[in-house]
K.L.:
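This is the structure I have questions about; it appears just below.
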Number of protein chains: 2
Amino acid sequence: MDSLAIADHLKNHGIKPSYPRIQIYKYLYDRRSHPTVDQIYNDLIKLIPTLSKTTIYNTLGLFINATLVKSFMLDENEKRYEIIIHDHSHFKCEKCNSIYDIPYDDIDLLPQQYNNFQIDEVQIFLRGICEDCLEQ
Amino acid sequence: MDSLAIADHLKNHGIKPSYPRIQIYKYLYDRRSHPTVDQIYNDLIKLIPTLSKTTIYNTLGLFINATLVKSFMLDENEKRYEIIIHDHSHFKCEKCNSIYDIPYDDIDLLPQQYNNFQIDEVQIFLRGICEDCLEQ
DNA sequence: AACTTCAGTGTAATCATTACATATATGATA
DNA sequence: TATCATATATGTAATGATTACACTGAAGTT
C-alpha cells in the first residue's frame with residue numbers, strides 16, 4: 001500500500017493523514033510484525049528525525065479508536081500493536097521469541113450456557129516452541 | 001482448603017510454608033478471582049498488618065515457578081494472578097467489568113501445517129457484554 | 001548461645017505509559 | 001496574501017506497576 005492509498009484509507013476512517021500518521025500506518029502494514037512502541041520509535045526515527053514517542057502513542061490511540069489497529073500484551077509489560085486484518089491467534093516461540101500469526105477458523109469458544117453473551121473481541125495466545133527451533 | 005493442607009501442598013512443591021505464603025495462596029484459592037497485586041495487598045493487609053507488596057511479588061513469583069499459579073494480562077497494565085486449576089478462558093464484561101472463567105474443551109487451535117509446534121500454554125481472552133448486563 | 005540460611009520488609013530505581021503545556025502546521029476566510 | 005482557528009506534533013514532567021537491592025528478623029542446626 002503506497003502513501004496515497006494509506007492517506008485515503010485514513011481519511012475514510014476520519015483521520016487526517018499527516019506524514020507521521022501515514023508512516024506509522026505504513027510501518028505496521030508493510031512489516032506485519034507486532035512491534036512495541038519502542039521498536040516503532042527506533043525504526044521510524046531514522047525516517048522522521050523529529051518524531052516523538054508521544055506522537056506514536058497518540059497516533060496508535062487514534063488508529064485503535066478507528067478499529068484500524070489493535071493492541072495486545074504477551075505477558076511482558078509492553079503493549080504490542082498490529083494492523084487488524086482477520087481473526088488470528090498469536091504463537092510465541094520461547095526459544096527464538098518470534099511471534100507467529102496463526103489463522104483460525106470459526107471456533108466455538110463458548111459452551112452452550114454462554115450462548116447469550118455478546119462477544120466483541122477474541123484474543124488467543126499460544127506459547128511454546130516452534131517447528132524450526134525444535135528441529136535444531 | 002485449610003491452612004494445614006495448603007502448607008503441605010506448598011511443601012510438596014518445594015516452597016516453605018510461611019504465614020504470608022499460606023495466606024496468599026489461600027486468598028487465591030478461596031476466592032477464585034483474578035486479583036491484581038494491589039487487590040491482594042489491600043485485602044490481606046487487614047490480616048497481616050506488616051505485609052509488603054514486595055512479599056506478594058516474591059511469593060507469586062515462587063508460585064509461578066512451581067506452576068501453582070499463573071499470571072495473565074487483560075489489556076490493562078496490571079498483571080492478574082490465579083490458581084492453576086484446569087484449562088479455561090477468560091471473558092471480561094465491558095459493562096460490569098467482571099471476569100468470567102469459561103471452560104473450554106479440547107479445541108484444535110492449530111491448523112494442520114502447525115502440527116509440529118510444541119504448545120506449552122494456551123490463553124484465550126474474550127471481551128464483550130455478559131448476559132446479565134445485556135438483560136438490563 | 002552462636003551461626004547459617006531463608007523469609008520479609010522498606011526504600012529506591014526502572015521503565016512503559018499518560019498528562020499537560022507549548023510549538024508547529026494546516027486550512028479557511030477575508 | 002495575511003490572519004485566524006483548529007488540529008497536529010513535540011518535549012518535559014508525572015504516574016504507577018514492577019523490580020533491584022540492602023537490611024532486618026525469624027527459624028533451625030550444631
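Every chain is numbered from 1 and lettered A, B, ... according to where its sequence line falls, protein lines coming before strand lines.
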K.L.:
What is the distance, rounded to the nearest whole Å, between atom CG of A:L51 and atom P of C:dT24?
P.N.:
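Those two atoms, CG and P, are 17 Å apart.
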K.L.:
Please list residues of residues 67-74 of chain B whose heavy atoms come under 4.0 Å from any atom in DNA chain C, ordered by number; otherwise none.
P.N.:
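Within residues 67-74 of chain B, no residue comes under 4.0 Å of DNA chain C.
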K.L.:
Respond yes when some side-chain nitrogen or oxygen of B:S52 is under 4.0 Å from OP1 or OP2 of C:dG8, and no when none is.
P.N.:
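No, B:S52 has no side-chain N/O under 4.0 Å of OP1/OP2 on C:dG8.
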K.L.:
Between atom CD in A:E76 and atom C1' in C:dC15, what is the gap in whole Å?
P.N.:
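Interatomic distance, CD of A:E76 to C1' of C:dC15: 14 Å.
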K.L.:
Which whole-number value in Å describes the distance from A:Y81 OH to C:dA16 P?
P.N.:
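A:Y81 atom OH is separated from C:dA16 atom P by 12 Å.
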K.L.:
Nucleotides 14-17 of chain D: which of its N/O atoms have a protein N/O under 3.5 Å away?
P.N.:
none

K.L.:
Please determine whether a side-chain nitrogen of the Lys or Arg among A:D132 and A:K95 lies less than 4.0 Å from a carboxylate oxygen of the Asp or Glu.
P.N.:
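A:K95 and A:D132: not salt-bridged.
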K.L.:
Figure out the CD1/P separation between A:I48 and D:dA9, and round it to whole Å.
P.N.:
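So the two atoms are 9 Å apart, to the nearest Å.
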K.L.:
Pick base, sugar-phosphate or nothing for B:T36, based on heavy-atom distances below 4.0 Å to the nucleic acid.
P.N.:
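Result for B:T36 = nothing.
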K.L.:
Looking at B:R31 and B:E82, does any basic side-chain N land under 4.0 Å from a carboxylate oxygen?
P.N.:
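Judged by the 4.0 Å cut-off on N to carboxylate O distance, B:R31 and B:E82 do not form a salt bridge.
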K.L.:
Do you know the tightest heavy-atom contact between B:I15 and B:L68?
P.N.:
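Of all heavy-atom pairs spanning B:I15 and B:L68, the closest is CD1-CD1, 4.1 Å.
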K.L.:
For nucleotides 23-27 of chain D, give me every protein contact, N/O to N/O, under 3.5 Å, one pair per line with atom names.
P.N.:
none

K.L.:
Would you mind reading off the distance between A:L44 atom CG and D:dT10 atom P, rounded to a whole angstrom?
P.N.:
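So the CG-P distance, A:L44 to D:dT10, works out to 11 Å.
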K.L.:
Counting only non-hydrogen atoms, which of residues 13-32 of chain A are less than 4.0 Å from DNA chain D?
P.N.:
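Of all residues in residues 13-32 of chain A, the ones placing a heavy atom under 4.0 Å from DNA chain D are A:K16, A:S18, A:P20, A:R21.
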K.L.:
Determine: side-chain N/O of A:T55 to OP1/OP2 of D:dT10, distance under 4.0 Å, yes or no.
P.N.:
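Answer yes for this pair, as a side-chain N or O of A:T55 is under 4.0 Å from OP1 or OP2.
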K.L.:
State plainly whether the residues B:D2 and B:K26 are in salt-bridge range, i.e. N to O under 4.0 Å.
P.N.:
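So B:D2 does not pair with B:K26 through a salt bridge.
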K.L.:
Other than A:F125, what residues sit in its cluster of Ile, Leu, Val, Met, Phe, Trp and Tyr side chains whose heavy atoms are under 4.5 Å apart, directly or through others?
P.N.:
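Same cluster as A:F125: A:F72, A:L74, A:I99, B:F72, B:L74, B:I99, B:F125.
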K.L.:
Over how many whole Å does the gap from A:I64 atom CD1 to C:dT18 atom C1' extend?
P.N.:
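Interatomic distance, CD1 of A:I64 to C1' of C:dT18: 14 Å.
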K.L.:
Parallel, tilted or perpendicular: which describes the rings of B:Y114 and B:F117, with under 30° parallel and over 60° perpendicular?
P.N.:
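B:Y114 vs B:F117 ring planes: perpendicular.
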K.L.:
Can you tell me how far C1' of C:dA16 sits from OH of A:Y41, to the nearest Å?
P.N.:
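Those two atoms, OH and C1', are 14 Å apart.
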K.L.:
Tell me if the centroids of the rings in B:H13 and B:F63 come within less than 6.0 Å of each other.
P.N.:
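Distance test on ring centres: not under 6.0 Å, no.
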K.L.:
Between A:H86 and A:H88, does a side chain to side chain contact (heavy atoms under 4.5 Å, CB included) hold up when you go through it step by step?
P.N.:
CA-CA 6 Å; A:H86 57 73; A:H88 62 274; 3.8 Å; yes
K.L.:
Among Ile, Leu, Val, Met, Phe, Trp and Tyr joined by side-chain contacts under 4.5 Å, find the other residues sharing a cluster with A:L4 and list them by chain and number.
P.N.:
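None; A:L4 is a cluster of one.
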